[in-house]
K.L.:
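For reference, the structure I am asking about is given below.
Lettering of chains follows the sequences in order, A, B, ..., and the numbering in each one begins at 1.
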Amino acid sequence: MKTKLFLLATSATAFFAIHSASAVAQATIKIGEINSYKAQPAFLEPYKKGWELAQDEINAAGGVNGRKLETIFRDDNATPGDAVRVAEELVSREKVALLSGTFLSNVGLAVGDFAKQRKVLFIASEPLTDKLTWANGNDYTFRLRANTAMQTAMLVPEAAKLNKKRWGIVYPNYEYGQSAANWFKKYLLSQATGGVEFVEQAAPLGRIDAGSVVQAMLDAKVDAIFNVTFGADLQKFVREGNTRGLFNNRPVVSLLSGEPEYLDTLKDETPNGWIVTGYPWTEINTPEHKAFRDAYQKKFNDYPRLGSVVGYATVKSIAAMLKKSGSTDVAKMQAAMKNLEVMSPFGKIVWRAQDNQSTMGAYVGKLAKKDGKGVMVDWRYVDGKSVQPTDDEVKRLRVGAKK
Amino acid sequence: MSKALEVSGLKKSFGGVAAVRGIDFHADAGEAVALIGSNGAGKTTCFNLINGQLTPDGGRVSLFGLDITGRSPELLFRSGVARTFQITATFASMSVRENVQMALMSRHREVAGFFSLATSRHTVAANELLADVGLSEQASRPCAALAYGDLKRLELAVALANEPRLLLMDEPTAGMSPEERNALMRLALRVCRERKLALLFTEHDMDVVFTHADRIIVMNRGRLIAQGSPSEVRANEEVRAVYLGSLHV
Amino acid sequence: MTAFFVQTLNGLASASSLFLVAVGLSLIFGVTRIVNFAHGSFYMLGVYIAYTCATSLSGALGFWGGVLAAGLAVAVIGVLVEMLVLRRIYSSPELLQLIATFALVLIIKDAALAIWGPEDLLGPRAPGFTGAVEIFGRAFPTYDLLLIALGVAMLLVLTALMKKTRFGLLLRAATEDREMTDALGVNQKLLFTAVFALGSFLAGIGGALQLPREPATLAMDLGIIADVFVVVVIGGLGSLHGAFVAAIIISLVKAYCIGLGSQTLFGVEFEFSKLTLVAEFIVMALVLVFKPNGLFGKPIIHSQTSAAVELPLGKPSNIQLGALLAGILLLAAMPAVFDEYTSVLATDVLIFALFAASLGLIIGTAGLGSFGHAAYFGLGAYGAALATQAGFGFLSSLFLGAALALAAAMVFGWFCVRLSGTYMAMLTLAFAQIVWSIVFQWDAVTGGSNGLVGIWPPEALSDRDYFYWTTLTVCGVGVLVCWWVVYTPFGYALRAARDSTVKALAIGLSVKRLQWAGFALAGGLAGVAGAVYVFSKGSISPEVSAIPRSVDALVMVLLGGINTLLGPVVGAAVFTYLQDTLARSTDYWRAVLGAVILLLVMLFPRGIVGSIKQFAQRRRAA
């Protein structure tokens, strides 16, 4: 009986192997896109739309070097182990030219390390962890979005200008939150004129006890707040803070809260005057953004989120890189990525040679309520280039990075 | 020579209610002793004090002079005490023989064994025990497939695997037909004589008790009210009074 | 002091909704003995339905009507689930019912995604309770005061229901003694359906009442279910007042941890707010160690899982040995026939086969529940990863990983085997969560939530096929050990203790010590699987020891067939293959996976291998 079952199992596997191998088409350049579509749909559904928009545009214009782009989307089940297995499948069975995607930092790091091990190119679009391009960086892994340190650095000058002494920090209790809190403390200490001190609250991701946290901040008599929470935690924190008067006369500096993914859910709870990083999509009227926004709205009858921009810019970067390399040879693609210039909806970005990090920036502004919805006002674009550490510092940070 | 089982001053109360109020009795090697009493007389408590299910508040239980008071079931087994249950307890996922082998492996302290097949351990001894209780033909059958009477005999074989010096049987014939009862008790008595072990059993069927017991101990309200041979007990006035003439034997 | 008082009020407000959800689960468990994983999904549906009502009908009617509507709608869903799914599997092993409810979690989550979309939905504030009142100089939300009052009111209503009505009497009777209810001539089917309706109603209300406090999100279901399990277990399974007290304890402990913030203890700065990640599990572990049946619980009499179908093992027959050899040869030859990715997938299957087989030892052979087996998988993985980073070679790292898992299983197992049934399972869960949170937070050593990367096998083995053969050797030996153990005197003693504990004690077996050894052995073997896993992926992060991984292992064992040797291995293969295939072929793969599991559970309650065996037996008998 055991033999029978083994036979059954193996023949089933064989069937599948043949089934999917037949789909190989020579004319296209295949991209293997791995993401936590199921676990993070709020960000990744717009991301996928942005992706498809860019790919369609490129293919409609004849593709890259005469070959069309084809993307194979795979769900990583929000776990690094599954992501690596999926990556194996994309590389060995689907024969993709390169890998891209990932949302969660641990998944991004795992796939990045896999890329190094299997010598494939990996364009990480979204994971924010500093380690991806610094401590754990490698020659095969490139990242589009501004990392945690950069995002924090965009806000610190604004925080320093507030001239507040006692800062409360609220952050989700995992690497992103801890890292943001640490950068904030480090940067603010170096930029603040008077002395500063910090009170911290680490909340379990997605399960903040907002009432208690707000209360603790009030009891600690903080003068200002740095918020790192996002998503459901942010909504709970904002509502409790509004009810309990935490934000009266107490300025708040907040990471990512101006991104439509998080801001739009706040609706009439949107707190006034928060200094945030984000994406004021209605108001950016540069030609490149306008073109992107119009095309997106036309195609999907929906407005773009930040995820849409990230997905779009990732594909555009890949296409530009392929055009430059003229080949899907890994070494040539690696070389092409170095100092690659790409036009993104946020303007021109450069893929830095020293740490494989793009210079895509973010918008810093203030939150305001308009017609019962949250918007960003007084915003300005902060180029990623301006918030990156010095080359020497980068070299030092990348000391752990392996070839 | 010291008595096989000697119980003296045994006491137990539950939340202030005395269930057993100081009991003394004994059982000799090769002797079958029945412990009887009406419901609530304390015989089950008394029995459980001896078999290690309960710890006594006072008194002493000794086996051939060795103090075994309050020992756990596990240690009692090591001291040479074996028991059977009112509701048969066997290892349902094993064969009849494996049930006996399990007890033999435990007796020989082999249960931590990683390097042998359990079914190959003590096969001969297990077969002998099964032959002794008349289960040879059933040896390889799943234990779960046995008839009730056969399960009882299997329990006996498992108990005997320990070469016990004291065998405790709790309501051994409960749920059996009259013929089966007598057959089982004859079997129990035979092994008791052959192996020179002391047999203490509780039983509510007075036919069984007066037919098979060498000596009978009668409890009422936590006290021992009579003990002696079946004829002596039958003649005892107090016993008659307590049982309200129900002893039509 | 005022800060302390206000934090107490915060805790009490959080406790209310937790109590409602928990008491629903507790009542359902008390009567049906089902550990309903989908209870968290009912709660989530409550929030979503209330959101829809409150936003489509504005004002007080929309909100308060929505709360009631959410309760009723979820009650209807609960009844449907009970009648269509659970009723068919009441006679199956308890763990199988658990897996069925887990499948429902997957289905409900995807259904919610399809209906309400991916974005978080922040509901309106409760009409009439939008503001705050001043208490000790602090603005305190009026809605939170209302919640505190509602919690107490619901406790009183439920107490009256339990004490004063016939339905309550039946519920209590069924909780304490199932056979007694049979004797009372109660229509058990109706009672089960009714308690599901009541429990689901409470979950729906509990969810709906949270609407002004938190947005509806797709992560709420598993977010709350762990809390609810903890509350139910601390209070004592089936205990109404226990759930109330435990909900308050848990909520207060969390509120105080947040209130304490950073404190300096013995010269070391300690961040108490970080404890909120795990505080409830620490409390649960402590309670269970000292009160094995929770604070107000009574020992549960578990219905015997049908061990009788299991035939005596005997000796492995020549046919079986031949099949085994052939199987090994086939597996070894696989890379020659199939593509590289098949080797990758098969490597995963082999690792999970060992993981599942080791869990099979605990829940099958030893008959003990474990919801936290991933702890040992994870510790094996981290142990191996850390050893590699410290410069140890591949084999030494595997060994050290397994040793770490074994050591942990010995420590945790010592406490776990002292409990029984669901309580034991919950203690294993608590330990697993504690392990997870340590791994998650100990940045300097474990890399925190990011984990550790760059843990690859030596160059010579890094080829996919070579690594597959390595895995086949290591995990194959591991699985063979799991199988072999069952045939040894030790395995027999474990089964003896499972079949009849009193009898096992009476024949001199040290039941607890045997179970402890079995638990430790299984933990060590899971550690081996984890250690190989880390090398197959090159990285490791905390989710390897999280609850879903433990549940995966349970699904594998039960899908394949508990109490069969081949079951966990087949279960691992089927599960891994399904997950891999479904994730590739459909957007709603989670729901499809849930549906497939549900179908398998209902069609093959003995698991795949168990059912094949039963079929073969029947044919032989006929």
K.L.:
Taking side chain as everything from C-beta outward and backbone as N, CA, C, O, which of these in S14(C) sits under 4.5 Å from a heavy atom of chain A? Side chain, backbone, both or neither.
P.N.:
side chain
K.L.:
Any idea which heavy atoms bring G447(C) and K131(A) closest together, and the distance?
P.N.:
O-NZ, 4.4 Å
K.L.:
Any idea which heavy atoms bring Y533(C) and G81(A) closest together, and the distance?
P.N.:
OH-CA, 3.0 Å
K.L.:
Are the charged groups of K274(C) and E200(A) less than 4.0 angstrom apart, N to O?
P.N.:
no
K.L.:
Using a strict 4.0 Å threshold on nitrogen-to-oxygen distance, state whether R244(A) and D144(C) make a salt bridge.
P.N.:
yes
K.L.:
Return the option, out of G131(C), A583(C), A216(C), P124(C), with the maximum number of heavy-atom pairs under 4.5 Å with chain A.
P.N.:
P124(C)
K.L.:
Could you tell me which non-hydrogen atom of D219(A) sits nearest to which non-hydrogen atom of A3(C), and how far apart they are?
P.N.:
OD2-CB, 3.1 Å
K.L.:
Before accepting this row, confirm whether a basic side-chain N of the pair E340(C)/R93(A) lies closer than 4.0 Å to the acidic partner's carboxylate O.
P.N.:
no
K.L.:
Kindly determine whether E214(C) and R207(A) satisfy salt bridge (charged side-chain N to carboxylate O under 4.0 Å, His left out), including the steps that lead there.
P.N.:
CA-CA 10 Å; E214(C) 60 180 313; R207(A) 289 167 43 222; over 6 Å; no
K.L.:
Looking at K537(C) and E88(A), does any basic side-chain N land under 4.0 Å from a carboxylate oxygen?
P.N.:
no
K.L.:
Donor-acceptor pair, Q117(A) side chain versus G538(C) backbone, under 3.5 Å?
P.N.:
no
K.L.:
Which heavy atom of G259(C) sits nearest to which heavy atom of A216(A), and what is that distance?
P.N.:
CA-CB, 4.4 Å
K.L.:
Minimum heavy-atom separation for N10(C) and G211(A), please, with both atom names.
P.N.:
ND2-O, 3.7 Å
K.L.:
Examine distances only and state if a side-chain atom of D120(C) and a backbone atom of A232(A) form a donor-acceptor pair shorter than 3.5 Å.
P.N.:
yes
K.L.:
Check whether S449(C) gets within reach of chain A through its side chain, its backbone, both or neither, counting any heavy atom under 4.5 Å.
P.N.:
both
K.L.:
Rounded at 0.5 Å granularity, tell me how far CZ in F272(C) sits from CD in Q201(A).
P.N.:
12.0 Å
K.L.:
Determine yes or no for a side-chain-to-main-chain donor-acceptor pair under 3.5 angstrom, with D113(A) supplying the side chain and G454(C) the backbone.
P.N.:
yes
K.L.:
Measure from the side-chain N and O atoms of R125(C) to the backbone N and O of R239(A), and report whether any donor-acceptor pair falls under 3.5 Å.
P.N.:
yes
K.L.:
Between chain C and each of V86(A), D264(A), V214(A), D209(A), count heavy-atom pairs under 4.5 Å; write down the option with the most.
P.N.:
D209(A)
K.L.:
Compute whether any side-chain donor of one residue and acceptor of the other, for Q7(C) and S212(A), lie under 3.5 angstrom apart.
P.N.:
yes
K.L.:
At their closest point, which heavy atom of F440(C) faces which heavy atom of N173(A), and how far apart are they?
P.N.:
CE2-O, 2.9 Å
K.L.:
Based on non-hydrogen pairs under 4.5 Å, which of Q178(A), E261(A), Q40(A), E45(A) is most in contact with chain C?
P.N.:
E45(A)
K.L.:
Between chain C and each of R85(A), K236(A), E175(A), count heavy-atom pairs under 4.5 Å; write down the option with the most.
P.N.:
R85(A)
K.L.:
Quiz question: by atom type and distance under 3.5 Å, do the side chains of T129(A) and N450(C) form a donor-acceptor pair?
P.N.:
yes
